Protein chains: 2
Amino acid sequence: MATIKDVAKAAQVSVATVSRVLNDTGYVHTDTKTRVTQAMQELNYFPNEVARSLFNRESRLIGLILPDITNPFFPQLARGVEDEIHAHGFRLLFGNSDEDREKELAYLQTFKQNQVVGVIAVTNEPESDMYNDDLPVVFLDRTVPNAPSVFADAATGGKMAAMELIKRGSRQITLLKGPAHLQTARQRFKSALDVLTEKGVDFHVMSNASFSFQEARKSAKALFQLYPETDGIIASNDIVATAVIHEALRIGKAIPDEVQIIGFDDIPQSELLFPSLSTIRQPAYDMGKEAAKLLIKSIQKQPIDQSVIQMPVSFIERETTRKVDSQ
Amino acid sequence: MATIKDVAKAAQVSVATVSRVLNDTGYVHTDTKTRVTQAMQELNYFPNEVARSLFNRESRLIGLILPDITNPFFPQLARGVEDEIHAHGFRLLFGNSDEDREKELAYLQTFKQNQVVGVIAVTNEPESDMYNDDLPVVFLDRTVPNAPSVFADAATGGKMAAMELIKRGSRQITLLKGPAHLQTARQRFKSALDVLTEKGVDFHVMSNASFSFQEARKSAKALFQLYPETDGIIASNDIVATAVIHEALRIGKAIPDEVQIIGFDDIPQSELLFPSLSTIRQPAYDMGKEAAKLLIKSIQKQPIDQSVIQMPVSFIERETTRKVDSQ
DNA sequence: TTGAAAGCGCTACCAT
DNA sequence: ATGGTAGCGCTTTCAA
């Protein structure tokens, strides 16, 4: 790769001048500029970002930490982030944390060592010291009060799920309670519960500690054994809902006539299931985009009107819930 | 962030000495070493990777270019890559190309500007000049003869798909031909075709130019209209197969009794469909891992026995194909 | 065993 | 309008 020196030599000017045309800063004569530009092209010159980063004490890299890109909720998020930062000339440094504190810390550390300008993180430890320095951070999906963050309206989501099921005639509802360490899962659960209590609807609660399909399968099996009279199920997310559908199909329960099922997230495959899954949608792609926008504003020290962004959820009506005449 | 100078001052030595203990190179007295190490800890010092990269003329970053992380085949690949490079102390610079040459070029360019040590790319342009320099590259999934690359055995895959369908009794097979620009898709198609021809089985061919679900839906609809007597369908991948399942279900074709369906890839959701999809599996995670291993060997100038790695595919028998007594 | 200093490629300040 | 040069944080000679 050619360096600024090579260009300077070829254009018969100093490196300072080359730097000026490169950054379009300070005075430089039109003719000189032409000569320099030409030299750059001839040498196929591109500035070394590393040298720039060293001087500026910051790179044009943004770090993204996700639990696991293999989990179908996250690619959308990542894509939203990537599209937005790419449009602003930033590049993505990416790592899977597996929700492991040590791994997360290691990533964050190397991100800093690479002088990233900011970080977007889906983390269970937003309050940790590791995020407690001057590096701009935006928390995605999981957060802590008042920290810059983007997340979906879990309370409304939980409420919606319960309301839609009731409206569509479920009278014996079973709630599948998600992982306790996830604030969003707890919140959805709680507000669904509140609605059920308030409306005086019969309900049961089952815990399934993980979002893995295999675990969910067991919970689903247990659910239908323990509460065979259940006619409505609020799953903790779409993966779990998928397992519930499978089990219902397996034991010959008619969906949605005998039992209605509703999920959370609206991951891409939910639409492709049979029957396709009715669910409470989180706008994952947009959440990623918003997080990136927020981070970039913060990096560029632009005024920020809203640093805590709650995104709306919506009920996606598909085939695991019954139709109602008038909504 | 503390710098090497700060550590030097605190430990009352020169920066050269600090650098020596940092890199465990050259002579340094045990006592001095202790003093330096202690100073590092007290100052919470971590070396600036950017400065290191500048000096070494290479970073510890590896670039990964994927068409679209949102496409369910790619997260597995990405995860395989990431796990392997992480284990070797490298970090991932990531970009979605959308199969757009300009975007891909832009990424590759900035990767180079950031002095990545190597690149792994899923690209339609492996022969392009942009990959034609001294930067180590491994092509994943899509490749060109003799270039360092990792891909699945598409020929065997296509053959397997046809054989399994025939073995299970299909006599009127329709082949869905995938995007023409994808070598792997062409290859699978061709070898499936060869088997069908050789065995004298009746068949039809339909093109569906894209892997998008919406497009596939249309093709599926057309397929059943044009060739209603079809009793076996070889889809170009699992997304397309999913659309076919949907359409078959919609028009009341019994799967697998009236029509058998087989896909390619074995994306995570294929198992979760109803009926679950029989498919030819590509070991995506392992492919990512192998690509990373190969790249790292190349970076570290280790001997490479195999720079063109073909990974085995396998038939995953699920519910869209009929059972046979003896295999 | 240790330190001084050059230099990686770039930007910004100070001269001219 | 242009050039010289210090310095970003690090590693690696070369001397001592």
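Chain naming here is simple, since letters A, B, ... match the order of the sequence lines and numbering starts at 1 in each. The structure presented is a predicted model; accordingly, all values stated were derived computationally and were not measured.
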Under 3.5 Å, is there a donor on one side chain and an acceptor on the other for B:Ser53 and B:Ser59?
no
What residues form a side-chain contact (heavy atoms from CB on, under 4.5 Å) with A:Arg60, not counting sequence neighbours?
A:Glu49, A:Arg52, A:Phe90
Side chains of residues 297-308 of chain B: which donor-acceptor pairs under 3.5 Å do they make with residues two or more places apart or in other chains?
residue: B:Gln300; atom: OE1; partner: B:Gln302; partner atom: NE2; Å: 2.6

Using a cut-off of strictly less than 4.0 Å between a heavy atom of the residue and any atom of DNA chain C, enumerate the qualifying residues of residues 35-43 of chain A by number.
none
Whole-Å distance separating the OH atom of A:Tyr27 from the P atom of D:dG3:
17 Å
Relative orientation of the end axes in the helix from C:dT1-D:dA16 to C:dT16-D:dA1, expressed as an angle to the nearest 10° (five pairs per end)
50°
Contact class for B:Thr32 vs. all strands (heavy atom < 4.0 Å): base, sugar-phosphate, or nothing?
sugar-phosphate
Ignoring hydrogens, what is the shortest heavy-atom contact between B:Thr17 and B:Val28? Give both atom names and the distance.
CG2-CG2, 4.4 Å
Heavy-atom count check: over 12 atoms from other residues, nucleotides or ligands less than 6.0 Å from B:Lys33 NZ?
no
Return a single string for nucleotides 8-16 of chain D, one symbol per nucleotide in 5' to 3' order, where B is base contact, S is sugar-phosphate-only contact and - is none, cutoff 4.0 angstrom on heavy atoms.
BBBBBB---
Would you say the side-chain atoms of A:Asn48 and B:Gln113 include a donor-acceptor pair closer than 3.5 Å?
no
Determine whether the aromatic ring centres of residues B:Tyr131 and B:Phe139 are separated by less than 6.0 angstrom.
yes
Should we count CD of A:Glu127 as having more than 12 external heavy atoms under 6.0 Å?
no
Once salt bridge (Lys or Arg N to Asp or Glu O under 4.0 Å) is applied, what residue pairs with a partner in residues 110-126 of chain A remain, sequence neighbours excluded?
A:Arg101-A:Glu125, A:Lys112-A:Asp133
Member of B:Val36, B:Asp6, B:Ile4, B:Thr37 meeting the side-chain contact (heavy atoms from CB on, under 4.5 Å) criterion with B:Tyr45
B:Ile4
